[in-house]
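Any value given below was found using the heavy atoms of this structure, including those in side chains, with hydrogens, waters and symmetry copies removed. Start at 1 and go down the list; that is how both ligands and their atoms are numbered.
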Amino acid sequence: MATPPGFQMQVLRENLLFLTSITVFILTLSAGVDVQPQEERYEPDYTCYHNVSSIETELRLLSMRHAGFIQLNNDYRSRAGHSQLVLRMSNFSSGVQTVAGGKVRVLLSYGEHAREFFPVESMLYFIKNVTNGASFSLNKSSNHTFSMWVLNNFDIIFIGMANPDGRDYIEKTRNYCWRGTQSGVDINRNFDWNFGGPGSSNNSKDGEFRGLHPFSEPETEVFRNLSYVFAPDAFISFHSGARHIYIPFADSLSQHSRRQPINKTLLLRLARYMSRSCPSRPFKFGLAYDLTGYTADGTAFDFMAGHEKIPFSLAVELWEHKKHEGQSCFDEFNPKSEVLQAELSLVHPMYIELLKYLQKWKKESFQRFQVKKDIDSLLIRRKKDDGHQRLPIRKNAMFYSEDSKANRDFGATLPSQLAFLMLFILMIALVALLVRHVCQMVRKKRIISLRSLSATFSLLKLS
Ligand SMILES: *[C@@H]1O[C@H](CO)[C@@H](O)[C@H](O)[C@H]1NC(C)=O
Ligand SMILES: *[C@@H]1O[C@H](CO)[C@@H](O)[C@H](O)[C@H]1NC(C)=O
Ligand SMILES: *[C@@H]1O[C@H](CO)[C@@H](O)[C@H](O)[C@H]1NC(C)=O
Ligand SMILES: *[C@@H]1O[C@H](CO)[C@@H](O)[C@H](O)[C@H]1NC(C)=O
Ligand SMILES: *[C@@H]1O[C@H](CO)[C@@H](O)[C@H](O)[C@H]1NC(C)=O
Ligand SMILES: *[C@@H]1O[C@H](CO)[C@@H](O)[C@H](O)[C@H]1NC(C)=O
Ligand SMILES: *[C@@H]1O[C@H](CO)[C@@H](O)[C@H](O)[C@H]1NC(C)=O
Ligand SMILES: *[C@@H]1O[C@H](CO)[C@@H](O)[C@H](O)[C@H]1NC(C)=O
Ligand SMILES: [Zn+2]
């Protein structure tokens, strides 16, 4: 059937229009959100939201008021010299030995992206939740029990403001679209994990500018150092703008080869628990390159998972707008001031699920590790007796092994001490048995000799 040529032209034009808009849409998505200033229709109310100086003041006060379980470290600094506010929270007077296998070590990072204010607020909410319940005057209340549980079973380090220069820049320029450091580097593209890939940019004007080389920015140093000296069991990089929990990996190479993290099942299980902590608005979760539809090269959480072999490494996007009309950046990444508290209380239970899961995992893997260690040491001892060479101990990031950096505060000493103790008890038991045996022998002999003696006597008597 013939159609009029005018109609065909119209269809063609419509198709073209459709294709063009799709292309523009995809280009916009792949380019990321612009960091150029936009006309903000909404600005935060700084009596609800903190600013750079009030975050610092707040954390300093908390560390002074609760010196027994909060320490603030100002050694790590940005390029402009601002403190990255590294805060450690744990009951410092309860040693690691009070918990079998040691306290669970957690490293949490906030404020990598300057315009994402919400994660930093969520950190403050969590810390204050714990400190508010820690006071002795609250003995036996459920608030107190909860805080004791956190402080005595966990050792948590918060990188409170990973990118203070960027925050400072926003507050001075009121460009709420700004994401990078003051010089525009996206520190979450500056890590040594597929650095330089297409999921980042070499253009210093781009929001995903990766910097000149891995760790070119002083802001990324703190991650590398803490990963080494603290050897966390879990690392989480907090963001906002979506409601997602990502497990590694996000980089383009992994997407291409469909690389999976070693303990994918465990990571997904953790993500599921965390997602369910908010039944009214559950988080989406999955492999980062599957869930996002874009790739990100040189990210903190990929580096922690792939390079540093941290057992649990996640990126969590805490908040997503319901409907955003564009124009304004602040409310694209952060809830409006009026609903800030409600949104904070909504994400708070996620921390509890995270901690509960990690505690359970650590306890179980410690128990498994002990059994393995005992078997290993028996095998090694037997091998030695056979005159063979000592078996190499298999490396396993999930466990504490002799060659693991994680031994620093807990050490391989406890299991080997236990093995030694068991050996000692065994020796004592053997000696005791031997002594008993010898005693019995002696007694028997004496009885025999007494008998024979009495027999002699009786013989003598008789005679
Ligand atoms: C930051 O917030 C505090 C407390 O709300 C306020 O007193 C201070 O003036 C603010 N600082 C700046 C630089 O806006
Ligand atoms: C980070 O680690 C490096 C190398 O171990 C060390 O030189 C540097 O002083 C550390 N930085 C801080 C702030 O501790
Ligand atoms: C800290 O640990 C000590 C020693 O185990 C204990 O006596 C104290 O109650 C704990 N304090 C808190 C706040 O958990
Ligand atoms: C802290 O959060 C926990 C878990 O949501 C809650 O049970 C506890 O009551 C909170 N404590 C305070 C002081 O708000
Ligand atoms: C709470 O317990 C501590 C020690 O466990 C005790 O010193 C203190 O008096 C108690 N406070 C109250 C209000 O019961
Ligand atoms: C526990 O904390 C919550 C929130 O801070 C508070 O409303 C509640 O009164 C506290 N409960 C007790 C028993 O102190
Ligand atoms: C930046 O990357 C593009 C392609 O990704 C490349 O063509 C260009 O030469 C690079 N520029 C610099 C300065 O490296
Ligand atoms: C993954 O985790 C499980 C459970 O903790 C452990 O048995 C396994 O060895 C881990 N695998 C690796 C490669 O770390
Ligand atoms: Zn972000």
For this session: Take the angle between the ring planes of Y125 and H348 and call it parallel below 30°, perpendicular above 60°, tilted in between.
Result: perpendicular
Problem set entry | Test salt bridge (Lys or Arg N to Asp or Glu O under 4.0 Å) applied to R167 - qualifying residues, sequence neighbours left out | E171
Exercise. What atoms in ligand 1 come closer than 4.0 Å to a heavy atom of S53?
Worked result: 1 (C), 11 (N)
Exercise. In terms of atom number and element, which parts of ligand 6 are under 4.0 angstrom from non-hydrogen atoms of N143?
Worked result: 1 (C), 2 (O), 3 (C), 8 (C), 10 (C), 11 (N), 12 (C), 14 (O)
Problem set entry | Short side-chain donor-acceptor distance under 3.5 Å, Q255 and T295 | no
For this session: State which residue, out of E317, H321, K284, R281, fulfils the side chain to side chain contact (heavy atoms under 4.5 Å, CB included) condition with R243.
Result: R281
Problem set entry | Donor-acceptor side-chain pairing of Y351 and S122 below 3.5 angstrom | yes
Problem set entry | Residues E364, K360: salt bridge by 4.0 Å N-O rule | yes
May I have the N/O to N/O pairs between ligand 7 and the protein that fall below 3.5 Å, each with atom names and distance to one decimal?
| from | atom 1 | to | atom 2 | distance (Å) |
| --- | --- | --- | --- | --- |
| ligand 7 | 2 (O) | N202 | OD1 | 3.4 |
| ligand 7 | 2 (O) | N202 | ND2 | 2.4 |
| ligand 7 | 11 (N) | N202 | ND2 | 2.8 |
| ligand 7 | 14 (O) | N202 | ND2 | 3.3 |

Exercise. Can you list the atoms of ligand 1 that are under 4.0 Å from a heavy atom of Y46?
Worked result: 5 (O)
For this session: Answer yes or no: are there more than 12 heavy-atom neighbours, outside F215 itself, under 6.0 Å from its atom CZ?
Result: yes
